[in-house]
There are 2 protein chains.
Amino acid sequence: MKRTSLSLLDFALLGVVHNQAPCSGYDLRKLFAETPIGSFSDSPGSIYPALARLERGKLIRGRVEETSSVRRRKLFRLSVSGNRTLKQWLRRPITQADVVRGMRELSLRFAFLESVLGRDACVPFLETLEKELASYIPTLRRHLDTQRATNLLSASLAMESGVMGYESQLAWTRLALTRFKHTRT
Amino acid sequence: MKRTSLSLLDFALLGVVHNQAPCSGYDLRKLFAETPIGSFSDSPGSIYPALARLERGKLIRGRVEETSSVRRRKLFRLSVSGNRTLKQWLRRPITQADVVRGMRELSLRFAFLESVLGRDACVPFLETLEKELASYIPTLRRHLDTQRATNLLSASLAMESGVMGYESQLAWTRLALTRFKHTRT
DNA sequence: TCTTACATGTAAAAGGTTACATGATTAT
DNA sequence: ATAATCATGTAACCTTTTACATGTAAGA
């Protein structure tokens, strides 16, 4: 049994298939092309092979639609083990390393969190994220202040940009927390 | 003559080598490991082959340090054509497509802009960026509002996160503009 | 009729990740 | 001595990109 870990694209596909099943490779391509979700490539050369891999790994199952008159489409659904894999990914503890690497994976996880694990999983996720961001940002700022040996304005602004990105994420996290606490079901 | 276009990593290497020349592969690895610049991998398997490619393409030149008593290091500098390539990349017009794809490449370009093209290039860059962001954000927000058919809070918040990221970039761009206009040399 | 959108795939090449491999020097 | 850091690279594997390839159906 090949236990190679899955890529972010693989998890994105699992998540979307979970939410929108049954869906075809073409549906997924359109979604990636038209929405800013994670900014994955919508090229057939990335999506179809990825779906084939997931199917070989028994995480999704696809079958060709038997409707006549419509174009041949292969529709995918999550298998039981695909569902388990998706849930395990979503339940992974949030570490500072996740935050340092960039927010891409965490944003993607949050996007699927409520529909897969339910509303109760969201507040703990956001609280941990807030804690990690709030502790990382000052570290980052201090690090950049000491590095600011250079007298170039653009260089220090470029660093500022990174910090502001994280600060924006923190603001969003807090917004999301209040929304979850003040909105019913 | 191979005219394959360069990857973002290639441009990042050209930019850093321009600023910190002469520098070794190990210097670059340390930089990528310790600073959040673009979040490139610091693995030797990505950096050394990339440097070798750039050297084969005559964009950089490396030679082994002839100092005794120090460990053998190969130090790189930009060639004339590497310099030209870097400048051409930095001078590319900013399109909305650049903004839609994400700000990674534009942030990297800005980070090198002042030291490579000089201070005068920064304000026009930021002004164009501000214009593109300011016109893209409402489009994005409208698009997301129409997509909000789903009743899941986390899904709409996930979209909100993307919009807020761009709004943060816009705020940063404006901050950068005022800094450039009010700070001397 | 012709173009656009639907729909699925493959092949070759390039690139990145992970792990391996080597060896010198400095600090403990 | 031994561990950590410096320093450079390679090999196998996997993924992604780009381009190609095929064909249907709907709309202009």
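Heavy atoms only: backbone and side chains are in, while hydrogens, waters and symmetry mates are out. Please read these numbers as outputs of a predicted model, since none were measured by experiment. In what follows, chains are A, B, ... by sequence order, proteins preceding strands, each numbered from 1.
Heavy-atom nearest nucleotides on DNA chain D were determined for B:Gly25 and for A:Pro49, and the one closer to the 5' end corresponds to B:Gly25. Along DNA chain D, the nucleotide nearest A:Ala50 and the nucleotide nearest B:Pro44 are compared for position; the residue whose nucleotide lies closer to the 5' end is B:Pro44.
Listed nucleotides C:dG16, C:dT8, D:dT8 differ in distance to A:Arg29; the shortest reach to its side chain belongs to C:dT8. Listed candidates were D:dT10, C:dA7, C:dG16. Nearest to the side chain of A:Arg73 is C:dA7. Of the listed nucleotides (D:dT16, C:dC6, C:dT17), C:dC6 has the atom at the smallest distance from the side chain of A:Tyr26.
Under a hydrophobic-cluster definition in which Ile, Leu, Val, Met, Phe, Trp and Tyr are linked whenever side-chain heavy atoms come within less than 4.5 Å, directly or via other members, A:Leu75 and A:Leu14 are assigned to different clusters.
Rounding to whole angstrom units, OH of residue A:Tyr48 and P of D:dT15 are separated by 19 Å. With rounding to whole Å, A:Arg53 atom CZ is found 9 Å from D:dT16 atom C1'. When rounded to the nearest whole Å, the span between CG of A:Leu51 and P of C:dT8 equals 9 Å. One interatomic measurement links the two molecules: CD of A:Glu65 to C1' of D:dA25, which rounds to 14 Å at whole-angstrom precision. Atom pair B:Glu55:CD and D:dG9:C1' shows a separation of 13 Å (rounding to whole Å applied). Straight-line distance from the CZ atom of A:Arg56 to the P atom of D:dC14: 10 Å, rounded to whole Å. Going from atom NZ of B:Lys30 over to atom C1' of D:dC6 covers 9 Å, rounded to whole Å. Atom C1' of nucleotide D:dT15 and atom CG of A:Leu54 are separated by 13 Å, given to the nearest angstrom.
At a threshold of 4.0 angstrom between heavy atoms, the contacts of A:Gly45 include nucleobase atoms, whether or not backbone atoms are also involved. Across all strands shown, A:Ser43 has heavy atoms under 4.0 Å from base atoms, whether or not it also approaches the sugar-phosphate.
A:Glu105 and A:Trp89 share a donor-acceptor pair across their side chains, judged by distance under 3.5 Å alone.
Taken from CE in A:Met103 to CD in A:Gln169, the straight-line distance is 4.0 Å, to the nearest 0.5 Å. To the nearest 0.5 angstrom, B:Leu59 atom CG is 8.0 Å from B:Asp10 atom CG.
In this structure, A:Arg104 forms no cation-pi arrangement with A:Phe110, as its terminal cationic atom is not both closer than 6.0 Å to the ring centre and no more than 45° off the ring axis.
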